[in-house]
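Written out below as structure tokens is the structure these notes cover.
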Amino acid sequence: MKYSLCTISFRHELVSFEHLIDYAHRTGFAGIELWGVHARALAHTFQSQIEPWMGKLKSYGLKIPMISDYVGLMDNQSPPSAMNVKLQEWIDLAYRFETRQIRIFAGHLGSSQADDEQWKLCMDRLRKLTEKLAENGLTLVLETHPNTLADTLDSTLRILKEVDHSSLRINLDFLHIWEGGSDPIEAYQALKPWISHFHMKNVTEPEQLAIFQPQNVYSPSGLREGMVSLREGIVDFERIVTCLTDDDVDCCASLEWFGKEPFQYLSGEMEWLRHVSTPSIPYEVRR
């Protein structure tokens, strides 16, 4: 398995992209998942530095596996021109940061909340975005996530069937697919032909899942209690990592951390993941 850190984990830290490159290399990560907000900021403000940064990434054997962004798929007031602007921006950013995957959410309503018209609008837009990205050698990646049409295993499979395009892929978030009522390993097996990325995070109790809602996660004053390491939470990540290791999975998993002290947390997680993947490697619990 290959692991990436997410720049969103450092959204409240004063840290440079070059510092993250050095840290990722030093800690054993294979890549850096770039948050769309950060990708745009770097492209607009540090244009002359992007080429040297990408050269440094490649010299370390690191990649940008994915740019994670957002788009209003269910906004029926949004004109086609706005979608085209977003699409061109993704293409430009993907080429600049040498990645081939753009991750988005499947709308802003849960699968049981959306009516037939909203489903159709979302599917039509997903199909068009996927086709246009594919024409440019890129892949559209949908994340399994609550309050989107991809909030359960069944609804995610429905999307894949209705869009029916080989360049529409899945970012399987194990915690959120569990939240949607599925066993994470069973969901992995069912979605395996379409998976191109994973997200890994954990929480102590089901009642605390709301801490991952955007209005809390993105707020500097948001609640962080309940965000715990992979080995400590309600989802059995040792079982998951062992399964992925046994399957010799080639795609990347991002450690999605929204809590405090991201450098310390991510370093500890990489030690634990190395131990789980290769039990002969000792692991010391960090406190």
Side-chain angles (χ1 to χ4, degrees), residues 1-39 41-42 49-50 52-69 93-94 96-103 141 143 171-175 195-202 227-233 237-238 240-245 247-279 281-286:
M1 275 296 295
K2 294 176 289 188
Y3 297 97
S4 291
L5 62 81
C6 301
T7 66
I8 197 173
S9 296
F10 302 89
R11 67 205 177 284
H12 303 310
E13 303 282 327
L14 189 60
V15 56
S16 70
F17 187 53
E18 185 166 12
H19 187 119
L20 290 182
I21 294 172
D22 288 331
Y23 170 78
H25 171 61
R26 190 169 63 249
T27 313
F29 285 96
I32 298 176
E33 180 184 322
L34 195 54
W35 192 25
V37 175
H38 290 152
L42 293 174
Q49 292 178 248
I50 291 177
W53 284 338
M54 295 307 299
K56 189 170 192 176
L57 265 173
K58 287 185 281 189
S59 74
Y60 286 156
L62 303 178
K63 295 181 178 180
I64 306 289
M66 189 163 71
I67 293 175
S68 295
D69 205 28
L93 290 173
R96 179 160 289 188
F97 291 102
E98 300 182 33
T99 187
R100 288 294 174 262
Q101 297 193 127
I102 303 293
R103 184 234 63 178
V141 182
E143 182 168 331
N171 173 41
L172 177 58
D173 186 304
F174 287 107
L175 177 65
I195 293 171
S196 64
H197 203 86
F198 302 98
H199 270 177
M200 295 183 172
K201 57 179 176 284
N202 222 336
M227 297 180 184
V228 292
S229 67
L230 298 178
R231 64 182 173 80
E232 294 178 299
F237 270 97
E238 183 166 355
I240 290 169
V241 172
T242 300
C243 173
L244 298 179
T245 302
D247 261 10
D248 196 22
V249 172
D250 187 48
C251 55
C252 199
S254 290
L255 307 187
E256 202 177 27
W257 177 246
F258 295 106
K260 61 182 181 179
E261 299 178 340
F263 289 109
Q264 180 178 339
Y265 166 83
L266 291 168
S267 296
E269 288 295 80
M270 284 301 291
E271 286 185 18
W272 180 76
L273 288 164
R274 280 191 288 266
H275 168 72
V276 173
S277 301
T278 311
I281 297 177
Y283 171 70
E284 181 179 348
V285 177
R286 295 190 178 194

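FYI, the numbering just counts along the sequence from 1.
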(request) Could you give me the CA-CA distance, side-chain angles and deciding distance for L273 and M1, then say whether side chain to side chain contact (heavy atoms under 4.5 Å, CB included) is met? (result) CA-CA 9 Å; L273 288 164; M1 275 296 295; over 6 Å; no
(request) Using the side chain to side chain contact (heavy atoms under 4.5 Å, CB included) rule, take I32 and F17 through it: C-alpha gap first, then chi angles, then the decisive distance, then the call. (result) CA-CA 10 Å; I32 298 176; F17 187 53; 4.2 Å; yes
Note, [X] side chain near [Y] side chain (heavy atom, < 4.5 Å):
{"X": "M54", "Y": "L57", "result": "yes"}
{"X": "M66", "Y": "E143", "result": "no"}
{"X": "R96", "Y": "L42", "result": "no"}
{"X": "V276", "Y": "T245", "result": "no"}
{"X": "I8", "Y": "F258", "result": "yes"}
{"X": "F174", "Y": "L244", "result": "yes"}
{"X": "V241", "Y": "M200", "result": "yes"}
{"X": "C251", "Y": "F198", "result": "yes"}

(message) Working note: L93 + D69, criterion side chain to side chain contact (heavy atoms under 4.5 Å, CB included); need CA distance, chi angles, decisive distance, verdict.
(response) CA-CA 11 Å; L93 290 173; D69 205 28; over 6 Å; no
Let me confirm one number: the [atom1]-[atom2] distance from [X] to [Y], rounded to the nearest 0.5 Å.
{"X": "N202", "Y": "I240", "atom1": "CG", "atom2": "CD1", "result": "8.0 Å"}
{"X": "H199", "Y": "C252", "atom1": "NE2", "atom2": "SG", "result": "9.5 Å"}
{"X": "R100", "Y": "K63", "atom1": "CZ", "atom2": "NZ", "result": "11.0 Å"}
{"X": "E13", "Y": "L20", "atom1": "CD", "atom2": "CG", "result": "9.5 Å"}
{"X": "L266", "Y": "L5", "atom1": "CG", "atom2": "CG", "result": "6.0 Å"}
{"X": "S277", "Y": "R274", "atom1": "OG", "atom2": "CZ", "result": "9.5 Å"}

What are the two closest heavy atoms between [X] and [Y], and how far apart are they?
{"X": "L62", "Y": "A24", "result": "CD1-CB, 4.1 Å"}
{"X": "E269", "Y": "S229", "result": "OE1-CB, 3.3 Å"}
{"X": "A39", "Y": "L34", "result": "CB-CD2, 3.7 Å"}
{"X": "F29", "Y": "S4", "result": "CD2-C, 3.4 Å"}
{"X": "S254", "Y": "H197", "result": "OG-NE2, 2.8 Å"}
{"X": "P262", "Y": "W257", "result": "CA-CD1, 3.7 Å"}

(request) Verify the ring-centre separation between H38 and F97: is it less than 6.0 angstrom? (result)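 No: the rings miss the under 6.0 Å criterion.
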Between [X] and [Y] (side chain of the first, backbone of the second, donor and acceptor by atom type, cut-off under 3.5 Å), is there such a pair?
{"X": "T99", "Y": "A94", "result": "no"}
{"X": "T27", "Y": "S267", "result": "no"}
{"X": "Q101", "Y": "P65", "result": "yes"}
{"X": "K2", "Y": "D250", "result": "yes"}
{"X": "E33", "Y": "S68", "result": "no"}

(message) In terms of relative ring orientation, are Y23 and F263 parallel, tilted or perpendicular, with 30° and 60° separating the classes?
(response)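 Ring orientation, 0 to 90° scale: perpendicular.
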(request) Verify salt bridge (charged side-chain N to carboxylate O under 4.0 Å, His left out) between E98 and K58, making sure each step is shown before the conclusion. (result) CA-CA 10 Å; E98 300 182 33; K58 287 185 281 189; 3.2 Å; yes
(request) I would like to know whether Y265 and K260 meet side chain to side chain contact (heavy atoms under 4.5 Å, CB included); could you show each step before the answer? (result) CA-CA 8 Å; Y265 166 83; K260 61 182 181 179; over 6 Å; no
